Amino acid sequence: MSGKYKFTCGSPDELLATAAEVGVNIPVSHDTDILARPVKIRSVEAKNSLAVHPMEGFDGTPEGAPDELTFRRYDRFASGGAGLFWFEATAVCPEGRSSRRQLWINDGNLDVYKRIVEQIHEKSGGAPVICQLTHSGRFSKPDNTPVPIIAYHNPYLNEKFNIPADYPTATDDYLDSLHDSYMNAAALAKKAGFDGIDIKSCHRYLMSELLSAYTRPGKYGGSFENRTRLLRDVVADAASVYGSDDFLICTRMSVSDCIPYPYGFCTTEAGDVDLTEAYRLLSELHGSGLSLLNVSMGTPYYNPHVNRPYDSGGYEPPEHPLTGVERMIKTAANIKSALPTLFVIGTGYSYLRASSPYAAAGVLKSGGADLIGFGRMAFAYPDFARDMINGSFDRKKTCIGCGSCVQLMRRCATAGCPVRDRLYAPIFVENCGGKPTLF
Ligand SMILES: Cc1cc2nc3c(=O)[nH]c(=O)nc-3n(C[C@H](O)[C@H](O)[C@H](O)COP(=O)(O)O)c2cc1C
Ligand code: SF4
C-alpha cells in the first residue's frame with residue numbers, strides 16, 4: 001500500500017482551491033439544496049438525487065442467496081436516506097460468479113430476494129431498487145479460485161492474470177446461451193420486486209469485455225455490430241418482454257476502458273478517451289428501451305485509479321486522484337449532453353470526502369448528471385444521503401479512500417468498511433493481516 005496524495009478538503013472553497021492547484025475543473029456549488037430534488041424516470045421516482053452504487057459484499061450463501069450480512073448491509077443503506085439503490089452484482093449463472101459468496105439469483109432462492117427487496121422498500125420509504133445482472137467473465141471464480149471465461153486474448157489483462165496464449169476463449173454457442181441466462185435472471189428480478197435491472201456492461205466483466213473484442217473472430221467480434229450484439233440483444237429483448245413504466249431497463253457501462261485500442265472500448269491507441277462508439281451504442285440502447293445509465297470507466301483489476309480514485313492502493317496512482325474524478329465527471333456530462341433524454345447517474349465522488357456534497361450539487365446544477373451515486377461512501381457512512389441533504393454531513397464519518405474494503409474483496413472475504421464499521425475490523429485482521437488504516 002502506498003500513498004503520495006492526501007486529500008483533506010472539507011469546504012467548497014478548499015475543493016476549488018485544490019482543483020485549481022492540480023489544474024482540474026470540478027463543478028462546485030456552495031448551495032446543496034439541489035441534492036434533495038426528486039427524479040422521476042418513467043413512473044419510477046427517486047425521492048432525491050442521491051443514489052447508492054452497487055457494492056458487492058461477498059456475503060451471500062453458497063447457493064447465491066443474500067445472507068445475514070447482506071441483509072445487514074442493505075438495512076443500513078436503506079435507512080440512510082438515498083433516493084435510489086443500485087443492488088450489487090448478481091450473477092446470472094453459477095459459472096459466472098466472482099466468488100463462492102457472490103449473489104446468484106435463481107429459482108431456488110427467489111423468496112430470499114423477495115424478502116431483501118421488500119426490506120429495502122420498507123426501510124427506505126419505497127425507494128427504487130435496481131438489480132445488477134452480471135457474468136464475471138475473465139474474473140469468474142465460482143469456487144474462489146479463478147476459472148476465467150474470456151471473450152478474447154487481451155495482452156494487458158492476460159499478462160496481469162497469467163492467462164496463457166492457448167487458453168480457450170468462450171465459444172459463440174456459449175455466448176448465445178447467455179442471452180437466455182440474462183432473460184431468466186431478468187424475469188426472476190422482476191418477480192422479486194426489483195424496480196429495474198441493469199444489464200451490467202462495466203469493469204471488463206464479460207459483457208464489458210465483449211465491447212472491445214476487436215480481435216475476436218465470428219459473430220461476437222470485430223465490427224461494432226458484432227462486439228455489441230449480446231448487450232444490444234439482451235437490452236432490447238428484456239425491454240420488450242419485461243420493461244415497463246415501473247420496471248426500468250438500465251446499464252452500468254464502462255464507457256471507456258482506458259486500455260489502448262484495440263484492447264479497450266472507446267480508447268485510442270494512445271490510451272485517451274474517445275466516446276464515439278459509446279454515443280452510438282447508448283443511442284441505440286436508448287432507442288430500444290434503455291432508460292437509465294450508470295456511468296463508470298476503466299476496470300478495478302487493471303486501472304483502479306481510473307475506476308475509483310484513491311490516495312492509497314495497490315500502486316501509486318500515475319495522476320492526481322482529482323484528475324480521475326474530473327475524468328469521470330466530464331465523461332458523464334458529455335454523455336448527458338449528447339443524449340439528454342437518457343437519465344444518467346454519475347460515479348467517482350467518494351474520493352472527495354467531506355467536499356463531495358458540493359461537487360455533487362455542482363454537477364447536478366450544471367446538468368452533468370441526473371443523480372449522483374456513492375459507492376465506498378455508502379460502506380463507510382450509510383447515512384451519507386440524509387446528512388448531505390440535512391446539511392449535517394460529518395467529515396469524521398466519510399470514506400477516506402484507503403482501499404481496505406478492496407483488500408477484503410481481493411481475498412474473497414466479506415467486504416465492508418473496516419475503518420468506519422467495527423464489524424469488519426476483525427474480518428480485515430483475519431483475512432488481510434495488519435490493521436486497516438484508521439482502526
Ligand atoms: C468493495 C467494492 C465492491 C464493489 N462492487 C461493485 C459491484 O457489485 N458492481 C459494480 O458495478 N461496481 C462495484 N464496485 C464499484 C463501485 O460501485 C464504484 O463504482 C467505485 O467504488 C467508485 O465509486 P466511489 O468513488 O463512490 O466509491 C465495487 C467497489 C468496491 C470498493
Ligand atoms: S475501507 Fe472504508 S474508508 Fe477505506 S476505502 Fe473502503 S469504504 Fe472507504
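A quick note: this is a predicted structure, and the numbers were derived from the prediction, not measured. Both ligands and their constituent atoms are indexed starting at 1 by order of listing. By convention here, the first residue in the shown sequence is residue 1.
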Under 4.0 Å between heavy atoms, the region of L408 that gets near ligand 1 turns out to be neither
Does any donor atom in the side chain of E284 or Y279 lie under 3.5 Å from an acceptor atom in the other side chain?
no
Contacting atoms of ligand 2, where contact means under 4.0 angstrom from a heavy atom of P418
1 (S)
Do the numbers put K190 on top of the ring of F247, so that NZ or CZ is under 6.0 Å from the six-membered ring centre and no more than 45° off the axis?
yes
Cation-pi check, K336 onto F343 ring (under 6.0 Å, within 45° of axis)
yes
Taking both backbone and side chain into account, is any N, O or S atom of C405 nearer than 2.8 Å to atom 2 (Fe) of ligand 2?
no
Who's the nearest protein heavy-atom neighbour of atom 30 (C) of ligand 1, and how far?
M55 CE, 3.5 Å
Protein contact to atom 25 (O) of ligand 1 [nearest heavy atom, distance to 0.1 Å]
R376 NH2, 2.8 Å
Ligand 1 atoms in contact with H53 (distance to a heavy atom under 4.0 Å):
17 (O)
Atom indices of ligand 2 within 4.0 angstrom of G403 heavy atoms, with elements:
4 (Fe), 5 (S)
Heavy-atom nearest neighbour in the protein, as seen from atom 14 (N) of ligand 1, with distance rounded to 0.1 Å
P54 O, 3.6 Å
Against heavy atoms of I400, which atoms of ligand 2 measure under 4.0 Å?
3 (S), 8 (Fe)
Honestly, for P300 the part within reach of ligand 1 (heavy atoms, under 4.0 Å) is neither
Around atom NZ of K365, are there more than 12 heavy atoms from other residues, nucleotides or ligands closer than 6.0 Å?
yes
Does the structure place the NZ or CZ of R353 under 6.0 Å from the centre of the six-membered ring of Y351, at an angle of no more than 45° from the ring's axis?
yes
Whether R204 engages the ring of Y156 as a cation-pi pair (distance to the six-membered ring centre under 6.0 angstrom, angle to the ring normal within 45°) should be assessed.
no
For N294 and ligand 1, answer yes if some heavy atom of the residue is under 4.0 Å from a ligand atom, otherwise no.
no
Specify the protein heavy atom at minimum distance from atom 5 (N) of ligand 1: its residue, its atom name, and the distance to 0.1 Å.
E56 N, 2.8 Å
Using distance alone, determine whether F379 and ligand 1 share an N or O pair under 3.5 Å.
no
What protein heavy atom lies closest to atom 2 (Fe) of ligand 2? Include the residue and the distance to one decimal.
C417 SG, 2.3 Å
If you measure from each non-hydrogen atom of M377 to ligand 1, which part falls under 4.0 Å: side chain, backbone, both or neither?
neither
